[in-house]
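Quick notes on the structure that follows.
Proteins get letters first, then strands, A, B, ... in listed order; numbering begins at 1 in each.
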Amino acid sequence: MYHKAKKNKILTALSVLCCTSVLVLSGCATTTTAKTSSEIDPYEDFNRSMYSFNETLDEYVAEPIVDVYNWITPTFVQTGIGNFFSNLKDINVVINDMLQAKFLQSGEDTGRFLLNTTIGLGGLFDVATEVGLEKHEEDFDQTFAVWGIPQGPYLVLPVLGPTTGRGISGTILDTAANPASYVGYPIQALSLLNERANAESTLKVVDEAALDPYVFTREAFLQMRKNLITDGKSTLTDDTLDTDDSKAADKNSKSSINIDPAGFKQASDKFSNAEKSFNATARAFKAASDKLEPSAK
Amino acid sequence: MLNMLKNKSIAAFLCLFLLVVSFNAAQAAQEESAKQVVEKFQADLIAVMKQGKELGFKGRYDKLEAAITKSHDLNKIARVAVGKEWEKLSNEQQQKLVDVFSRLSIASYAYNFKDFSGESFKFASEEETTRGGAVIHAYLLIPNEKDVKFDYMLKKKGDSWRINNIIADGVSDLALKRSEYASILERDGFDALITKINEKIDHYAKQ
């Protein structure tokens, strides 16, 4: 994915992040459901210039390197490298499963990490997916969202690409929780390169489908994040999908004291389900170990 | 005289027959459920993909034009895509927008679904929305790749169900378009929007 490639963990960029997060925290106080684009993206002019800066950087620096990388690196090696870094991120996934009270999923993801680290030769092979332990995507930004922290403004950072006020804090913690962040620049460069190479097809979609690539990227990024945060359950409550008539939607957007009820309900559901999840976790661990056994033979 | 009477009764019978047939046909159309509309569209799409190479862009476009206009409410999609700007447009502009928008939608399908490598759609579930719409949840299964979740939002237009939004893995096509179009209309105006859409169509057609 494009944003991920750019969003990746370069330590030098952390200093940029820290500076910007101060700037950002001042701006994340509103919690209305139907926001206009200027509320979601108050720094559009700045973001647009960062977007073009990143595009240029991508075109003249990243793309030529990735072309060479694609040419000299066989696909199976690229997949292996991708798997390796993805496996390290699963530690972060487990932490965030727990923080969001998804105990069943945390059991599965722990099993996944153990399986891939051992039988998958340190994560080079994703054997867990093949036995039915699918990869989940969880991170600190999603956890913060589940806890009810508002999204904050949309931002495009130099090199790192699209994020939000909340996403910046999330990325700092994600970086801290990722072992790959502590091993030195060559490894991080490899991770970044590999992700950018895998993003080729996504980038093509933006180029080909977008009338305004900046807005397209912003909308797609925010919707994808929302989908991850709600684990795919947000679609029906989303006002932008209401095609009944556009006037109704406009009316909604005018009532400004409109605290996001979905967020609260979701958080309370999460906690009331926690107890059930404890029982399920035990089962998940058992299921994971059952899955481990036959494949170990 | 008798002959005439006979002719008359034949004519009357014919009329009655036609009436019954057309009534039945109308009823059949009415009874086509939201799920059937979606599944018909998906089947049409897969059929076009299977013949994709032989048909070429133009061939795919023609086949998909029928499939899409039958199953989608393109008028409404175009209207919602420009949001409240719709009312500021003249009748002529509205017509023009619906026209280029329809061509863009069909062209992008014809461009993106050009060949077949074992894809199939699988129905998952169906639900009603609070405002009388329907949502069909389905998956696009691609061999060796992760399934893509497709949610089709439908509304009744007259007697038949029509798709007015598709959400792929949580990303709403209509919401994307609405943001893009609103932004272009606001920054560059109506003519620029039409020019950009036409450029896209040309780009798709050049494949």
Contact origin within B/I197 toward chain A - heavy atom pairs under 4.5 Å: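 Both backbone and side chain.
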
Chain A contact via B/K146 - which portion, at a heavy-atom distance below 4.5 Å: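 Only the side chain of B/K146 comes within 4.5 Å of chain A.
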
Full working for side-chain contact (heavy atoms from CB on, under 4.5 Å) between B/V171 and A/N227: CA-CA 8 Å; B/V171 178; A/N227 190 47; over 6 Å; no

With rounding to the nearest 0.5 Å, note down the distance linking [atom1] in [X] to [atom2] in [Y].
{"X": "B/E180", "Y": "A/T217", "atom1": "CD", "atom2": "OG1", "answer": "9.0 Å"}
{"X": "A/Q223", "Y": "B/I167", "atom1": "CD", "atom2": "CD1", "answer": "8.5 Å"}
{"X": "B/Y204", "Y": "A/E208", "atom1": "OH", "atom2": "CD", "answer": "7.0 Å"}

Which atom pair, heavy atoms only, marks the closest approach of [X] to [Y]?
{"X": "B/A175", "Y": "A/E219", "value": "O-CG, 4.2 Å"}
{"X": "A/D45", "Y": "B/R187", "value": "OD1-NH2, 3.7 Å"}
{"X": "B/K200", "Y": "A/D207", "value": "NZ-O, 3.2 Å"}
{"X": "A/L211", "Y": "B/Y181", "value": "CD1-CE1, 3.2 Å"}

Is the number of heavy atoms from other residues, nucleotides or ligands within 6.0 Å of [atom1] ([X]) greater than 12?
{"X": "B/Y109", "atom1": "OH", "value": "yes"}
{"X": "B/E54", "atom1": "CD", "value": "yes"}
{"X": "B/Y139", "atom1": "OH", "value": "no"}
{"X": "A/K135", "atom1": "NZ", "value": "yes"}
{"X": "B/D202", "atom1": "CG", "value": "yes"}
{"X": "B/F113", "atom1": "CZ", "value": "yes"}

Pick from B/S183, B/S179, B/G133 with the largest number of heavy-atom pairs that fall under 4.5 Å of chain A: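 Result: the option with the highest number of such pairs is B/S179.
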
Salt-bridge contact A/D212-B/R178 (side-chain N to carboxylate O under 4.0 Å):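 Looking at B/R178 together with A/D212, the answer is no, because their closest N to O distance does not fall below 4.0 Å.
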
Part of A/E134 lying under 4.5 Å from any heavy atom of chain B: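 Contact with chain B involves the side chain of A/E134 alone.
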
